Structures are given as C-alpha cells and as structure tokens.
Amino acid sequence: MEELRDHLRHRREKLQKLKELGINPYPYKFEKTHDSREILSNFEALEGSKQRVKVAGRMVSCRPHGKTIFAHLQDGHGKIQIYLRKDDLGEEKFKLFELTDLGDFLGVTGEVFKTKAGEVTVMVSDWQFLTKSLQPLPEKWHGLADKELRYRKRYLDLIANDEVREVFIRRNRIISTIRSFLDSRGFLEVETPILQPLYGGAFAEPFETHHNALDMKLYLRIADELYLKRLLVGGYERVYEFCKDFRNEGLDRFHNPEFSMVELYQAYADYNDIMELLEGMLVKVAEEVLGTTSFQYREHQVDLSPPFKRMPFFDAIEQATGIKAKNLSLEELKRAAEEAGVDTEQKKTWGKMLETIFDSLVQPTLIRPTFIIDYPVELSPLAKRNRQDESVSERFELFIATLEIGNAFSELNDPLEQRARLEQQRELSGTDEALDEDFIQALEVGMPPCGGLGFGVDRLVMLFTNSRSIRDVIFFPTMRPESRS
RNA sequence: GAGGGUGUAGCUCAGUCGGCAGAGCAUCUGCCUUUUAAGCAGGAGGUCGGAGGUUCGAUCCCUCCCACCCUCACCA
C-alpha cells in the first residue's frame, strides 16, 4: 500500500469511520428546497415563516467554536453560511461533524436567520454527508493562482475562483444570445461533418486521422464553409453552425488547436448586409451580457454603437504607414515594408507581404470597431471580386480593440472562377491537396448570391470578459501532458 | 523554432552573497455556544521540477532535460 500524505490519509481514515458507522458517504440524492441565491433573496419571507429550508453544497470554510460551528456551503449560485449548535443537533450529529473536511458536499435542513454580524444563515437542525472529498482544496484566501494548475485542473480553478465561474457563465450567455439572434432572423442551425475527406474553407494545417472500416484518411475540419455552401445550393436560404474547428498550428494567447467558430450564410445578401447583421448581433450580445455597448477591454475603451467604421484595406495601410501599396511591385513593397521596420524574411508573395504589413502596422491601431473592407483578391479565394474594382474582393474583417473578430465575403458563386482561384491558391501555397471537386460541382448546380460570415466565438468571449488569453475562456485548453521529469 | 522568466510544504509565497529549509492558509491534538482570512496553545508535513557537474559542503553556481508563462517567429 502506497504511503499517503497526511492530509490524504486523514480523509481516508474519516471515510473508513463513516463506513464503520453505517453511514453512506456517497448517497444517491438530496431533495433541495432552495439554493443559496434563493435563500439570500427571499430572506425576509423565510425568516418570518419559520419554514425549514434544505440546501446542499460544498463546504468551503469551517469555523468551529467548541460547541458551535460556522461553515459556508458553496453551490451553483454562490455561498450560504450554516450554523450548527450542539444543543440543537444533539451529541451524536454534532460529533459526527468532526468527520467532515473542507471540500465535502453536505446537505442541511434548518431555519433561516440573520447573525449578529448581519449575515443570512441557516440554523441547522439536521445535516448529512452528500459526498466525501478525499483531496484538499486550494488555499481559501488567494485561491488557485498557478496558471498551469488552473488550466490543467480546471475543476479546482472553478471551486477556488468565483470570477472564473462567471467567465464561463457569460460565455454561455453570449452563445445563447447569438443563437436566439440568428434564430429570430430566420437562420437555420445545422450540423456538418467534423471528419472530412478533404479539408478547405481556410488555410491552415489540418489534424489527420484514419477511419478503420473505410480504411481512409480523414481530416478534422479547419472550417465548415464548403459544407454550409452546399446547403445553400440545396435550397436553404439562411444557415449557421456553431462549429468546433481544428488547426494544427502554434499555440499562443489567441490560438488554441481546437476552437469555436460560428459560420453563417445568407442568400441574396452581400457583404454590406453582413456588416449590418454583425453590428446588430454584437450590439445585442453586449446589451444582453453587459447591459451596455460601452466597455473596457484591457487598456482600450470600446464603444459598439453602430455603424462601425468602414475602411478599405489599402486605405488603412496608407493611413497607418503612408505606403501606397496597391500599385507597388513585390520588390517595391518589400523595400517599403523594411523601411517601416517590418521583418519581410520568408514573405514570398505580394499578398503575404501585404498581410504582414497589415498585421504588424495596421491591426495594432484598430481600437474602435472597424470593418476593414476590400481585401486583395489574392488573399481571398472564396470571395467575389468587388463590383467596382476587380483587383479587390468584397471581403471584410472586423477588428475591435485590435482583436480580429470576424471575416466575411460576398461569396464567390461562379464555379469557373472559383475553380481557377482555388487552383491559383494551390500553386501559391505549394500544396498538393486535391481540389474539392464535389464543392465545385455543387456551385455548378448553382448557389444563389449570398453573404457569408465566420467569427471566432472564443475571441468574442475574450472581448466580452476582458480576458487576456484564449485559455481563460476555454474550460480545458490544449496542454502538453504532464510528464514525470 | 528563438530569446526572456518561473518552478521551494496540499495551496499562496518568502529565503539562503554556497553552511541544520521558512511564514500564512490547509492538516493533526487540546481549549472555545453568533464566527466569518475566527482566536489561543502545541504538533506533523520538504527529493527546494529532474539528471549530471564544480565544491569539504549545492535548494543557491555551471551544463543538459521537463513543464508552464511572456515576447517574437509560424499561423488568411
């Protein structure tokens, strides 16, 4: 038998004693009448009524005073103090409390009162074990601070840090607001394959897997764009999907290998309509979740009042850098970029160069919500050419407080041009992946004109929860496995 | 992939210009019938991330390795 540290051994011993006493430390259920929040908000009524409440939760603090005990139970909505007295409980039930530990789930019955110090408290007339905890809790005052532990053992993070629980509740409200916003506008929520025989809809390294029965390679999707477009071909006019996408790239505070996106497609609309849709959606989310459209994200004050600023890609570059990039050759562009202090090593194409200039010199300046519109065609193989200027595409990206929030096009639906653009893209990126012929064929069947949008849910949650890292808004971020070093 | 930082008790952190390893919380024992970071008294708890090296002596200095964080690179 392995040696257990004292704090683990003591809990095991208490568990053993409970079993010897014929007490089940892991009973099946407990009929709660109230949660902590209900008791606090209904205190006036409960205090007068002499009604007995039954509450349950994890014991997170305990202050014994000889023949009385104060403790706090934490449940799904907060904490409630409980008060036990030997006189009320009797010798046996009071002594049994010695077998509790911080972290145990307890169920208590009692009347509600207010202590001398003014805290609403349950005067316990009976209590029972609901679950015995065999591990110690993080420190009560400082919580759990070690980031690695917080990410690896999120359950401890959630127990110890109230604000973390709040972040994920807010994440849920953001998602449900988006869903109801789109539903109310006639969008149909759909599901498309995560396992795809060909990957597409974005440029990124995919994760590969293998299907045994079919003996075939499959990819985890990097985007669901090409499947949603097939659904427009099929006749649905407005579709969206909350999709987990997977990209086999580096990790940093804006990127996790698996992440959440929403993609949506609206028939008979163009990117201007999508801009208005996105403005409306963000305002709605802000009002639902924050109660205001003006808020702080890190060092930036954000105001989501529409309409957001719109600025053409090349104008944005010129305004931020003075570079008139549109008519420059690759060489001229490279020289201008280097003069501006941009590392242009490894940037082999005109488009890549532009992108680098934009990312390093323009994006950091985009504080107020701004649609950057009309990207170079080379960077946007799935977007229609601009109706006034063939050299740029009808595409926008939305930036808020320097965060890249969303990406949208007037979707290219000319099958011949689409094939040509994808083939050109393959040459530029040097990949030998097969074209998705079925997608092209779907376009040949005919996809109505449409506007499409993709936005990162995690980034949006970061924005609305003032989170620095994507790992703070994903319960279980991807981590290297713990190894015994 | 490059540079910087961090790693000490279950948790939060000190510390040793190289000489017996520290505090608070948690835990254990005793006292305490309205406390709330409860209090008082006492105790236990350590491979100082791992492996080498230098040294009379290494948690501390050096090398390598591991994990995480930050910045950059990569990433429509």
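All chains are named by letter (A, B, ...) in the order of the sequence lines, taking the proteins before the strands, and each is independently numbered beginning at 1. The structure displayed is predicted, hence computed values, not measured ones. Quick note: numbers below take in every heavy atom, side chains included, and nothing from hydrogens, waters or symmetry partners.
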So if I take every side-chain heavy atom of R63(A) and compare against U36(B), U34(B), U12(B), which nucleotide ends up nearest?
U36(B)
Please report the distance, rounded to the nearest Å, between CH2 in W141(A) and P in G10(B).
24 Å
Considering only heavy side-chain atoms of E355(A), the closest of C75(B), A76(B), U36(B) is A76(B)
Out of C70(B), C68(B), A76(B), which nucleotide sits closest to the side chain of R468(A)?
C70(B)
Measure the CZ-NZ distance between F314(A) and K326(A) for me, rounded to the nearest 0.5 Å.
6.5 Å
Pairing partner of C40(B) (Watson-Crick or G-U wobble, both distances under 3.5 Å):
G30(B)
Side chain of H72(A) - closest among C68(B), C32(B), U36(B)
U36(B)
Among U36(B), U71(B), U27(B), which is the nearest nucleotide to the side chain of R253(A)?
U71(B)
Rounded off to whole Å, could you give me the CD-to-C1' distance for the Q81(A) and U33(B) pair?
14 Å
In terms of side-chain heavy atoms, does Q81(A) have a donor or acceptor partner in T115(A) at a distance below 3.5 Å?
no
Give none if G7(B) has no partner; otherwise give the nucleotide forming a Watson-Crick or G-U wobble pair with it, both distances under 3.5 Å.
C66(B)
Choose from C28(B), U27(B), A76(B) the nucleotide whose nearest atom is closest to any side-chain atom of A202(A).
A76(B)
R11(A) vs P136(A), nearer the 5' end of RNA chain B by closest nucleotide:
P136(A)
Check whether the side chains of D472(A) and Y151(A) place a donor and an acceptor atom closer than 3.5 Å, and report yes or no.
yes
G-U wobble or Watson-Crick pairing nucleotide for A23(B) (cut-off 3.5 Å, both distances):
U12(B)
From the candidates A76(B), U36(B), U27(B), the one with an atom nearest any side-chain atom of A117(A) is U36(B)
Tell me if the side-chain of H10(A) makes a donor-acceptor pair with the base of C28(B), cut-off 3.5 Å, by modelled atom types.
no
Under 4.0 Å between any heavy atoms, over every strand shown, what does E205(A) touch: base, sugar-phosphate, or nothing? Just pick one.
nothing
Mate of C48(B) across any strand shown (Watson-Crick or G-U wobble, both atom pairs under 3.5 Å) is none
Students often get this wrong, so: under 4.0 angstrom with heavy atoms, is F358(A) touching a base, only sugar-phosphate, or nothing?
nothing
Expressed as a whole number of angstroms, how long is the span from L144(A):CG to C68(B):P?
16 Å
Rounded to whole Å, the CG-P distance (L251(A) to C75(B)) equals 15 Å
Between U35(B) atom P and E119(A) atom CD, what is the distance in whole Å?
11 Å
Would you say R480(A) reaches C66(B)'s phosphate, i.e. side-chain N/O to OP1/OP2 under 4.0 Å?
no
Tell me whether R395(A) forms a cation-pi arrangement with Y375(A), defined as NZ or CZ under 6.0 Å from the six-membered ring centre and within 45 degrees of its axis.
yes
Of the candidate nucleotides U36(B), G24(B), A26(B), which contains the atom at the shortest distance from the side chain of E139(A)?
G24(B)
Out of A76(B), U27(B), U34(B), minimum distance to the side chain of E397(A) belongs to A76(B)
Provide the Watson-Crick or G-U wobble partner of U35(B), both distances under 3.5 Å; none if there is no partner.
none
For C74(B) and K352(A) - does any side-chain N or O of the residue sit under 4.0 Å from the phosphate oxygens OP1/OP2?
no
Under 4.0 Å from OP1 or OP2 of C69(B): is there any side-chain N or O of R471(A) that close?
yes
Please state how far atom NE2 in H142(A) lies from atom C1' in U12(B), giving the value in whole angstrom units.
5 Å
Nearest whole Å is fine: how far is U34(B) C1' from D87(A) CG?
14 Å
Distance, nearest 0.5 Å, that separates CE of M353(A) from OG of S329(A):
10.0 Å
L8(A) has an atom CG; how far is it from atom P of C28(B), in whole Å?
12 Å
Side-chain N or O of R9(A) closer than 4.0 Å to phosphate OP1/OP2 of G10(B)
no
Would you say the base of U36(B) and the side-chain of S61(A) have a donor-acceptor pair closer than 3.5 Å?
no
